[in-house]
Protein chains: 2
Amino acid sequence: MTIEVPETPRLAGTSAPSTAGPVTSKGAGVHGEPSATGVRTRSQHQRRKRIIQAAAALASRGGVEAMQMRTVAERAGVALGTLYRYFPSKMDLVVAVVGEEIDLLESSIERRPPGAADPAGRAVDVLMRATRGLMREPELADALIRSLIMTEVETPFGDRMAGLLVRVAGERPGEGDGPTEEQVALAGSLASVWVHELLEMLRGRRTYEQIQWRIEIVATRLFADFPAAPPS
Amino acid sequence: MTIEVPETPRLAGTSAPSTAGPVTSKGAGVHGEPSATGVRTRSQHQRRKRIIQAAAALASRGGVEAMQMRTVAERAGVALGTLYRYFPSKMDLVVAVVGEEIDLLESSIERRPPGAADPAGRAVDVLMRATRGLMREPELADALIRSLIMTEVETPFGDRMAGLLVRVAGERPGEGDGPTEEQVALAGSLASVWVHELLEMLRGRRTYEQIQWRIEIVATRLFADFPAAPPS
DNA sequence: ACAGTTATTGGAATGTGTTCTAATTTCTGG
DNA sequence: CCAGAAATTAGAACACATTCCAATAACTGT
């Protein structure tokens with residue numbers, strides 16, 4: 001019945017924007033067209049945020065197991081049914097939590113951009129920063145990463161990471177022309193290697209240093225011929 | 001009550017060796033030392049095999065969902081409790097099934113080794129062959145790969161793949177000296193990229209050609225300075 | 001063949017994700 | 001403020017992995 005949601009420090013350390021609202025009756029409803037956007041009132045944003053916060057808080061304790069739907073609902077002060085209206089499955093909820101995490105990382109990077117001279121160095125910088133962030137909440141990280149890879153759901157995770165890497169690695173080549181498809185592929189690959197290394201770390205089979213070493217090796221080779229970023 | 005287990009065509013197309021037996025009461029039992037090895041009778045091998053076959057058969061139909069523990073037990077002709085004695089969790093069962101798959105791939109490669117001249121080419125060859133194999137049973141592939149990544153369990157998947165790649169890419173450098181740690185890391189990275197691409201394909205976001213293109217790009221860069229294999 | 005150990009069985013019981021329902025509350029447009 | 005639409009709620013209900021248990025069968029060393 002209580003609501004308060006205390007702790008929630010994680011990846012970077014700032015607040016950040018969120019996405020949509022509840023999944024308002026999509027599909028052919030029984031009658032009139034449902035509000036296309038999905039979001040209606042401000043209180044729905046609140047609810048959504050409360051749910052995500054509660055979920056994150058729980059996950060940062062005992063991992064996925066601790067993040068039980070019933071508990072999340074209770075902690076967020078909503079009915080189980082409502083929780084399921086907002087997040088059709090546990091996975092969707094996890095994805096949402098991760099979304100917030102990435103938002104944090106992005107704003108963190110915007111605030112303090114990677115300083116390395118070469119593209120690979122900058123990419124490594126970003127990835128290792130994210131790694132440190134995740135290491136602070138192992139349980140949560142574990143839960144999130146695992147679930148993410150698992151999910152059927154659209155997972156912007158890899159893509160967002162790849163995008164981020166492309167951006168920090170090979171800044172704006174010209175004006176309208178974005179990154180090469182090849183660059184995107186390479187960045188995506190580096191991201192997937194990173195995720196894999198993270199998983200290994202969470203399994204206790206990698207130390208931070210080992211990850212760094214591996215990421216450096218891979219980044220160096222993958223980003224060898226990336227167009228150097230114009231010195232800002 | 002029935003036992004027969006018909007279909008089971010998958011990765012390569014041959015039979016292959018299996019691993020251990022049931023997880024005979026490990027941990028400090030109530031009394032005498034349990035048989036260390038785990039395997040006892042021949043019938044236990046049979047049982048184990050039946051279980052794995054049943055599991056694979058079911059998974060190749062409706063994926064993980066169809067592979068319900070009760071059903072597997074029933075199809076394999078064992079009690080639920082017995083199934084759990086052999087495989088403490090569904091994940092363990094999945095891992096076992098995957099193990100068989102990899103065995104198949106390995107023997108397939110042994111039979112018809114990759115022909116490309118350069119290391120990267122051979123690696124791509126192997127990975128794409130495995131890809132085609134998995135594509136034949138999408139449901140099973142999906143189930144297996146997802147579960148594998150998810151699991152807490154020791155997952156020889158990535159490691160075995162990496163080992164395989166190292167082997168086909170940079171054959172025996174000398175006599176006693178195995179591959180460099182760096183080579184292992186690179187091979188492992190390529191394997192993780194491949195797994196990621198597979199997942200994307202299973203999600204319908206990649207075609208076979210796209211995967212090939214990406215794997216080629218990545219392999220080329222990662223294996224650029226691999227010691228060329230001595231022409232057999 | 002015996003006694004003790006371990007494996008197998010059938011089935012009940014538990015935990016948690018997910019679905020469903022009927023009643024109640026909140027919105028929205030007029 | 002009213003009527004209908006959509007959201008929320010409390011809680012039951014369901015599905016499936018996992019655990020437990022008592023009884024029985026199979027196996028081992030002697």
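Residue numbering restarts at 1 for every chain, and letters A, B, ... go by the order of the sequence lines. As a basis for the values below, the full set of heavy atoms in this structure was taken, side chains included, without hydrogen atoms, waters or symmetry mates.
Within the structure, a side-chain polar atom (N or O) of Gln44(A) is placed less than 4.0 Å from OP1 or OP2 of dT8(D). Between Tyr86(A) and dA7(D) there is no side-chain polar atom (N or O) within less than 4.0 angstrom of OP1 or OP2.
A residue-by-residue look at Thr82(A) and Arg70(B) shows that Thr82(A) has its nearest nucleotide of DNA chain D further toward the 5' end. The residue among Met67(B) and Ser43(B) whose nearest nucleotide of DNA chain D lies closer to the 5′ end is Met67(B).
Among the nucleotides dG17(C), dG10(C), dT8(D), the one closest to the side chain of Lys90(A) is dG17(C). Which of dA17(D), dT9(D), dT9(C) sits closest to the side chain of Arg47(B) comes down to dT9(C). For Ala79(A), the listed nucleotide lying nearest its side chain is dA10(D); candidates were dA10(D), dT18(D), dT19(C).
Panel note: side chain Arg205(B), backbone Glu200(B); no donor-acceptor pair is recorded below 3.5 Å. Judged purely by atom type and a 3.5 angstrom limit, Lys90(B) uses its side chain to pair as donor or acceptor with the backbone of Met67(B).
Protein atom CG of Leu80(A) is 9 Å distant from nucleotide atom P of dG17(C), rounded to whole Å. The CD atom of Gln68(A) sits 12 Å away from the P atom of dT18(C) (whole-angstrom rounding). Taking atom CZ on Arg50(A) and atom C1' on dA7(D), their separation rounds to 14 Å, with Å as the unit. Rounded to an integer number of Å, the gap from CD of Glu65(A) to P of dA17(D) is 18 Å. The CZ-P distance, from Arg85(B) to dA7(C), rounds to 5 Å in whole Å. Separating the CG atom of Leu93(A) from the C1' atom of dG17(C) is a distance of 12 Å, rounded to the nearest angstrom. The distance from atom OH of Tyr84(A) to atom P of dT18(C) is 4 Å, rounded to the nearest whole Å. Between Glu74(A) atom CD and dT9(D) atom C1' the separation is 14 Å, expressed in whole Å.
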Residues Glu139(B), Arg61(B); criterion salt bridge (Lys or Arg N to Asp or Glu O under 4.0 Å); working and verdict: CA-CA 7 Å; Glu139(B) 297 291 1; Arg61(B) 286 256 156 287; over 6 Å; no
Derivation and outcome, side-chain contact (heavy atoms from CB on, under 4.5 Å), residues Leu165(B) and Leu127(B): CA-CA 8 Å; Leu165(B) 289 179; Leu127(B) 291 181; 4.0 Å; yes
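Tested against Trp194(A) for a side chain to side chain contact (heavy atoms under 4.5 Å, CB included), the candidates Val124(A), Thr131(A), Leu199(A), Val218(A) yield a single pass: Thr131(A).
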